[in-house]
Amino acid sequence: MKKLSIPVRFGLVTSAVLIAYFLVLALLHKHTNPVFSFFNAIITAFGIYEAIRLKKLENVEDFSYGEGFKTGLITGAVATLLFTVFFLFYATEFNSTFLPELLKIMNGGLGADVGLVTAVVLIMGLATTVVSTLTVMQLFKKSGNIPQNQ
């Protein structure tokens with residue numbers, strides 16, 4: 001559990017920030033506009049960045065690309081899973097008019113239900129996690145091109 005403490009901790013904090021952002025949007029009646037979900041990627045990327053940064057500071061000599069990548073994936077996966085559970089609870093128990101409003105604005109005509117929308121939220125979160133981790137690791141990897149300051 002010691003090895004997972006940083007990614008799990010940052011995953012919990014990142015999910016709390018994602019949930020808080022969603023609730024602020026809900027207070028402003030903007031949570032049905034899919035454009036605002038782009039900021040979720042920024043929140044997730046920042047949480048992953050901080051987790052990897054702290055992991056590298058903790059293990060400067062032993063830090064590897066694989067260790068950083070694993071840290072980023074676990075951080076993002078924890079945040080995504082918790083946010084998806086919250087989203088499902090919000091859409092089914094707390095605000096039953098949310099999903100019809102969201103589907104009306106999206107105007108896809110797909111006849112989607114809460115399960116499909118929740119699955120899309122999960123897949124989008126996991127895709128954001130992978131892309132953000134790959135992007136952030138470019139900042140922390142050891143380069144063979146330039147001398148590294150140890």
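Computed over heavy atoms, backbone and side chain alike; hydrogens, waters and symmetry mates excluded.
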Is the closest side-chain heavy-atom distance between I74 and V78 below 4.5 Å? yes
To the nearest 0.5 Å, how far apart are OG1 in T133 and CD in Q138? 11.5 Å
Taken to the nearest 0.5 Å, the spacing of T80 OG1 from L126 CG works out to 5.0 Å
Hydrophobic cluster membership, L88 vs L18, 4.5 Å side-chain cutoff: yes
Shortest non-hydrogen pair, A51 vs T75, comes out as CB-OG1, 3.4 Å
From CZ (F22) to CZ (F39), nearest 0.5 Å: 15.5 Å
Consider only side-chain heavy atoms of I, L, V, M, F, W and Y, link residues closer than 4.5 Å, and tell whether Y65 and L73 are in one cluster. yes
Roughly how far, to the nearest 0.5 Å, is OG1 of T128 from CZ of F38? 9.5 Å
When rounded to the nearest 0.5 angstrom, what distance separates CZ in R9 from OG1 in T14? 11.5 Å
Please answer: with hydrophobic residues joined when any side-chain heavy atoms are less than 4.5 Å apart, are L81 and M124 in the same cluster? no
Report, one line per pair, each donor and acceptor closer than 3.5 Å where one atom sits in a side chain of residues 40-50; sequence neighbours left out.
residue : atom : partner : partner atom : Å
T44     : OG1  : N40     : O            : 2.9
E50     : OE1  : R53     : NE           : 3.2
E50     : OE1  : R53     : NH2          : 2.8

Counting distance only, does the side-chain N/O of S15 pair as donor-acceptor with the main-chain N or O of L12 below 3.5 Å? yes
Would you indicate whether the side-chain heavy atoms of I52 and M137 approach each other to under 4.5 Å? yes
Hydrophobic cluster membership, with links at side-chain heavy-atom distances under 4.5 Å among I/L/V/M/F/W/Y: are V131 and V136 in one? no
Can you tell me how far apart OG1 (T92) and CZ (F87) are? Round to the nearest 0.5 Å. 10.0 Å
Side chains of F86 and L23, heavy atoms from C-beta outward: is any pair under 4.5 Å? yes
Evaluate the ring planes of Y90 and F94, with Trp represented by its six-membered ring, and classify them as parallel (under 30°), tilted (30 to 60°) or perpendicular (over 60°). tilted
Side chain to side chain contact (heavy atoms under 4.5 Å, CB included) between L54 and F10: does it pass, once the steps are laid out? CA-CA 10 Å; L54 188 61; F10 278 89; 3.6 Å; yes
